[in-house]
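Note sheet for the following structure.
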2 protein chains.
Amino acid sequence: MAFCCQSPIKTVTIPQPKAFAKTKPLFRCNLSLPSRSPLTSTEPEPVYASVKAFAPATVANLGPGFDFLGCAVDGVGDFVSLSIDPHVHPGEIAISEITGDNAKKLSKNPLWNCAGIAAIEVMKMLGIRSVGLSLSLEKGLPLGSGLGSSAASAAAAAVAVNEIFGGKLGLEELVMAGLKSEEKVSGYHADNIAPAIMGGFVLISNYEPLEFVRLSFPEEKELLFVLASPEFEAPTKKMRAVLPLEIGMPHHVWNCSQAGALVAAVLQGDSAGLGKAVSADKIVEPRRAPLIPGMEAVKKAAIEAGAFGCTISGAGPTAVAVTDNAEKGKVIGERMVDAFLRDGNLKAAASVQRLDRTGARLIGSIPR
Amino acid sequence: MAFCCQSPIKTVTIPQPKAFAKTKPLFRCNLSLPSRSPLTSTEPEPVYASVKAFAPATVANLGPGFDFLGCAVDGVGDFVSLSIDPHVHPGEIAISEITGDNAKKLSKNPLWNCAGIAAIEVMKMLGIRSVGLSLSLEKGLPLGSGLGSSAASAAAAAVAVNEIFGGKLGLEELVMAGLKSEEKVSGYHADNIAPAIMGGFVLISNYEPLEFVRLSFPEEKELLFVLASPEFEAPTKKMRAVLPLEIGMPHHVWNCSQAGALVAAVLQGDSAGLGKAVSADKIVEPRRAPLIPGMEAVKKAAIEAGAFGCTISGAGPTAVAVTDNAEKGKVIGERMVDAFLRDGNLKAAASVQRLDRTGARLIGSIPR
């Protein structure tokens with residue numbers, strides 16, 4: 001979640017790296033991306049006068065995929081509009097506007113705003129010195145919902161800055177930039193930011209150095225998520241504190257096997273197996289679910305209504321259920337909302353969303 | 001490992017199920033097998049006078065795949081020859097001969113021999129009452145080597161009995177029959193018997209009911225295992241006793257992520273990623289390796305020689321390294337053997353073997 005301190009519009013000077021090569025973050029991944037020529041100290045020219053980018057919501061802590069596996073969800077997310085602004089000092093960035101629910105809770109100081117931090121990182125990586133930027137953030141995601149709100153802002157901003165300068169950076173660099181933002185506002189974890197930027201499922205296999213594996217759910221198969229978000233602020237600290245420090249060997253082996261089954265289900269396009277594995281966590285969900293009123297009943301209701309599985313999205317309070325049928329998804333969502341009200345005394349709203357296979361992207365641009 | 005008690009040739013009467021439906025074991029898996037008509041009390045006729053079956057070695061406890069993931073290795077394994085024998089009482093089975101290293105350590109009583117137990121289970125499932133069988137076991141695998149010796153015997157026997165009667169049972173039933181054998185001689189685990197019967201990689205996702213997922217390593221990609229077996233009897237009880245009862249959350253998350261990465265590497269045909277994940281276990285291997293003299297040096301030597309990764313096969317003492325190049329595999333094997341001698345004072349033998357994609361199969365038959 002982004003910080004809550006408010007401040008007037010403030011611009012930030014981007015520290016210039018002495019040599020890009022020295023500051024380039026260490027990472028490896030198994031992506032086969034089009035190779036790009038190594039960045040030099042030559043500053044790229046802006047290609048657009050302004051751009052608009054979208055980044056999707058993400059579901060992390062996917063049952064037994066706790067802390068290392070996340071996926072992107074289409075149809076909901078954050079928007080960043082970015083313009084070349086002669087009123088902003090060259091090499092600096094300003095946040096001009098934040099709109100959407102709870103916008104007032106977010107800082108307009110780029111150093112304290114997830115979109116701002118990611119944008120600054122990308123400007124650093126590109127070595128921007130001669131152009132000032134103005135950023136407008138449109139929050140489509142509620143804060144603290146367990147749907148990767150901070151990651152969506154960071155991802156949209158990172159992509160917007162990269163694209164306005166001609167898309168010189170690869171996905172890995174954008175993830176690194178977004179991770180800097182996540183580190184400052186919600187902890188050093190990449191299981192939201194990586195899928196927010198790349199789409200689909202992403203498995204984080206290492207942090208030192210950062211390594212990740214993209215997992216493609218087959219194009220011809222359907223995968224839908226039913227997201228039921230109650231009006232409830234999940235107690236973030238308690239959610240972390242309630243995790244066991246030690247895990248018995250049988251539960252460890254069980255969750256490992258379910259993590260493996262989950263990855264297999266993704267790659268094999270087995271939405272039923274995916275739901276089953278997501279639902280099978282014996283370590284984290286059993287501790288966290290009781291902290292979200294009604295969650296256990298919501299899971300039960302989702303499965304009774306035909307969902308392949310259900311768990312907590314991120315650290316909650318949103319519940320996420322898996323299906324492959326939109327009509328059925330609607331019914332599942334209604335049952336989940338009913339259960340939140342009946343057993344948790346919480347109002348909730350549900351929606352059915354597709355797996356997002358693209359990740360953060362440009363949705364509009366005005367040439368210079 | 002099979003039991004060591006010796007006994008004269010003994011035949012065993014196969015108890016007849018009152019109704020097959022009642023004794024049919026519960027299981028589910030994601031296999032798409034040709035459906036077969038449900039077995040009735042009609043006893044199948046033998047199709048062959050005799051058959052010979054082979055079942056491959058298997059590597060279980062694959063690093064972070066501890067206790068739930070195994071794979072089959074071609075080129076080494078056990079053979080079972082099976083004949084219709086009028087000298088054996090109808091509905092019974094006899095073990096006529098056991099050959100190979102350590103053959104004398106194995107019982108010829110079918111009730112105490114892994115091949116015998118699996119054969120009896122398949123006869124029960126088929127409802128064999130009118131035909132007597134004579135079984136000959138040729139051990140190609142050393143006992144207690146960590147290469148699934150008992151599973152290979154059971155798998156070859158199960159397939160032989162099924163095939164001599166026309167192959168009425170599916171792979172799942174054969175796994176269930178083999179699991180009965182494993183349960184009696186080495187514990188209720190399916191991560192050797194499932195790949196021994198089905199080939200490739202198999203993930204056991206549940207035991208109640210038994211559920212497994214086949215993981216296909218892409219046909220066009222090469223995957224080789226370097227097996228280095230020292231002359232050393234791994235202390236089985238100590239190997240189990242040394243496992244931690246409780247696991248810290250960071251190590252749990254790490255191993256889960258590596259289990260996921262391992263499954264992804266298998267399905268994506270990424271032999272380098274597979275080796276890396278296999279090598280990355282922070283829970284079991286660090287406890288067990290010190291009990292096998294030289295193992296830590298062997299792992300280091302394998303990786304220095306270019307292996308993608310190395311770990312203990314099963315509960316040892318065999319070390320298994322991963323590569324995609326046969327020539328390199330030979331060198332890796334030599335270095336592993338050197339390291340066993342130098343650091344562990346153990347003589348060892350190494351071989352380079354392909355992933356077995358087929359599993360237990362008929363290799364010869366004589367029609368009636």
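Everything numeric here is computed off the predicted structure, so don't read it as measured data. Letters A, B, ... are given to chains in the order of the sequence lines, protein chains preceding strands, and every chain is numbered from 1.
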Is Cys71(B) close to Phe217(B) at the side-chain level, that is, under 4.5 Å between some pair of heavy atoms?
no
Heavy atoms only, distances under 4.5 angstrom: which of Ile247(B), Val263(B), Val266(B) has the most pairs with chain A? Name it, please.
Ile247(B)
Non-hydrogen side-chain atoms of Tyr188(B) and Leu179(B) separated by less than 4.5 Å:
yes
Which bit of Ile283(B) comes within less than 4.5 Å of chain A, counting heavy atoms only: side chain, backbone, both or neither?
side chain
Taking side chain as C-beta onward, heavy atoms only, is Val284(B) less than 4.5 Å from Asn61(B)?
no
Is the closest side-chain heavy-atom distance between Trp254(A) and Asp67(B) below 4.5 Å?
no
Find the one option among Leu69(B), Leu262(B), Leu203(B), Leu215(B) whose heavy-atom pairs under 4.5 Å with chain A are most numerous.
Leu203(B)
Taking side chain as C-beta onward, heavy atoms only, is Phe201(B) less than 4.5 Å from Leu355(B)?
yes
Part of Leu245(A) lying under 4.5 Å from any heavy atom of chain B
backbone
If you tally heavy-atom pairs under 4.5 Å between each of Leu243(A), Asn206(A), Ile204(A) and chain B, the highest tally belongs to Asn206(A)
Indicate yes or no: at least one non-hydrogen side-chain atom of Leu267(B) is less than 4.5 angstrom from one of Gln268(A).
yes
Within residues 311-322 of chain A, which positions have a heavy-atom distance to chain B below 4.5 Å?
none
pair Tyr207(A)-His189(A): side-chain heavy atoms closer than 4.5 Å
yes
Short question: side chain of Asn255(B), backbone of Lys282(B) - any donor-acceptor pair under 3.5 Å?
yes
